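Worksheet for the structure shown next.
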Protein chains: 2
Amino acid sequence: MARFPARAKRRNTYHHGHLRQALVDEAVATIRARGVHALTLREVGTRLRVSRTALYRHFADKNALLAAVATEGFRTFRAALQQAWDAGGHGREGFMAMGRAYLLFALDNPSHYGVMFGGHLHDAALHPELAVEGDAAFRVLVNALVDLQQSGLVRRDDPQALAVFVWATTHGTAMLVSGGQLGHERLGLDAATAIVMPRVWDGIAVRG
Amino acid sequence: MARFPARAKRRNTYHHGHLRQALVDEAVATIRARGVHALTLREVGTRLRVSRTALYRHFADKNALLAAVATEGFRTFRAALQQAWDAGGHGREGFMAMGRAYLLFALDNPSHYGVMFGGHLHDAALHPELAVEGDAAFRVLVNALVDLQQSGLVRRDDPQALAVFVWATTHGTAMLVSGGQLGHERLGLDAATAIVMPRVWDGIAVRG
DNA sequence: ACCTGAACACCGTTCAAGT
DNA sequence: ACCTGAACACCGTTCAAGT
């Protein structure tokens, strides 16, 4: 019944058994708080009270850690989209809620979103799980569009093509708004949603 | 009449009088060829046969050099948009040509485009010339939209809002296509243009 | 003004070695 | 298997000094 000592001793010497997840969490926290450029493998290590090179037991290099961060981001992102679509009761309102959720995620976690889409990753192709999660998030949108088509609300074009248009528009809006790239025009979440989403709807809806 | 020697001697010791532009050009070339992550101040210096720190006479830091690269990008970008709009004879066709030119620029110079929009720049606000050039490029689009409104082709909504929608969609498409972020769906320039631009037009055109 | 070399503090990554 | 410390090659940036 007293087998804890062994575990305790182990924890002191070899760290916990979930270093990988701890590394990802720490990286996400750093990125969220201070941006990608502030992410340092050495600091991640010391903050986790682990050697600077312990990380290499779980990731090939810094890029692989970033890929894991992006993968994790896609997971919560997809959940947020799905939840908004469901909570919005599908239909036009659900679609709008999804769009708002998309922008909300991007504006709330600009740095994390940047890792997912910003091109900080060098060889995304080398990380299949990343592609899988990205696809899964994309598929939430495709499925919603198919549903909207079946309800007679959206044109019966190729849903993939429609999804590309919708995703691109929302993504572009997120990047422009969060980066403040449009110069003078500083937009907030609601303003951006109000400007862009109705027009996206016009671009895909059945003509009335 | 023979005052060249002085110049020649000077060139050997103090480099040419256009180091700043040479630095930007070299940075652009490196980024274009090998990506932002390969840009090194030290290498830029040695390739220009100049000390590693000569750069600091012209730029506060690496970020300032990147801002200059982005500024230069916006200049040629704006010219490309304007040229397409004019060559397309304005109207719907000119608008489509502009959209294609946008995507062409982004796909032809993905890394340079990435510096302009990708968030590699830390404090874009600190570089006013960058904002000026970005605004100028944006205004080409706004002006085109106003023209289209006067021709009765585009709805008479706030042109700025219309421009945000158009820009965001095109920008998003460029990012997604160049990053191959849409998973399986690998799109080329023409496919992306064909999918997105007609729908953008539907989103802004006068209802027929 | 414009340029330089040496130096500083800081990276990511490798590797032989420990448990 | 998992972790470590020392070492390597490489950064951006500062600074006193040169012309």
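These figures come from a predicted structure and were not determined experimentally.
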Distance-only donor-acceptor pairs under 3.5 Å for side chains of residues 61-68 of chain B, two or more places apart:
| residue | atom | partner | partner atom | Å |
| --- | --- | --- | --- | --- |
| B/D61 | OD1 | B/N63 | N | 3.3 |
| B/D61 | OD1 | B/A64 | N | 3.0 |
| B/K62 | NZ | B/L39 | O | 2.9 |
| B/N63 | OD1 | B/H122 | N | 3.3 |

Please set out all donor-acceptor pairs under 3.5 angstrom arising from side-chain atoms of residues 24-35 of chain A, sequence neighbours excluded.
| residue | atom | partner | partner atom | Å |
| --- | --- | --- | --- | --- |
| A/D25 | OD1 | A/Q21 | NE2 | 2.9 |
| A/E26 | OE2 | A/R47 | NE | 2.8 |
| A/T30 | OG1 | A/E26 | O | 3.0 |
| A/R32 | NH2 | A/H112 | ND1 | 3.0 |
| A/R34 | NH1 | A/E43 | OE2 | 3.1 |
| A/R34 | NH2 | A/E43 | OE1 | 3.1 |

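For A/H58, no side-chain nitrogen or oxygen approaches OP1 or OP2 of D/dC2 to under 4.0 Å.
Of the candidate nucleotides D/dA7, C/dA6, D/dG5, C/dA6 has the atom nearest to the side chain of B/T53. Taking every side-chain heavy atom of A/K62 into account, C/dG12 is the closest of C/dG12, D/dT4, D/dT13. The side chain of A/R57 lies closest to D/dC2 when the candidates are D/dA6, D/dC2, C/dG12.
Heavy-atom distances under 4.0 Å link DNA chain C to no residue of residues 30-47 of chain B.
Ring-centre distance between A/F74 and A/F117: below the 6.0 Å cut-off.
Protein atom CG of B/L65 is 10 Å distant from nucleotide atom P of D/dT13, rounded to whole Å. Rounded to a whole Å, the OH atom of A/Y56 is 16 Å from the P atom of C/dA16. As a whole-Å value, the separation of B/D61 CG from D/dC11 C1' is 14 Å. In this structure, A/R49 places its CZ atom 16 Å from P of D/dC3, rounding to the nearest Å. For the pair A/L48 CG and D/dC2 P, the interatomic distance rounds to 16 Å; values are reported in whole Å. One can place CZ of B/R52 at 12 Å from P of D/dC10, the figure rounded to the nearest angstrom. Here D/dG12 presents its P atom at 13 Å from CG of B/L23, a figure rounded to the nearest Å. One atom, CG of A/L55, and another, P of D/dA1, lie 19 Å apart when rounded to the nearest Å.
Panel note: side chain B/N109, backbone B/F105; a donor-acceptor pair is recorded below 3.5 Å.
Applying the side-chain hydrogen bond (donor to acceptor under 3.5 Å, both in side chains) test to B/T53 and every residue at least two apart in sequence or in another chain returns B/S51. Under the side-chain hydrogen bond (donor to acceptor under 3.5 Å, both in side chains) criterion, A/E133 pairs with A/R75, sequence neighbours left out.
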Dot-bracket for DNA chain C, 5' to 3', Watson-Crick and G-U pairs with both distances under 3.5 Å, [ ] for crossing pairs, | for partner on another strand, reads ||.|||||...|||||.||
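Around the CD atom of B/Q83, the shell of radius 6.0 Å holds no more than 12 heavy atoms that belong to other residues, nucleotides or ligands.
In this pair, A/W85 and A/H90 present their aromatic rings tilted. The plane angle is within the 30 to 60° band.
Rounded to the nearest 0.5 angstrom, A/H171 NE2 and A/Y113 OH are separated by 4.5 Å.
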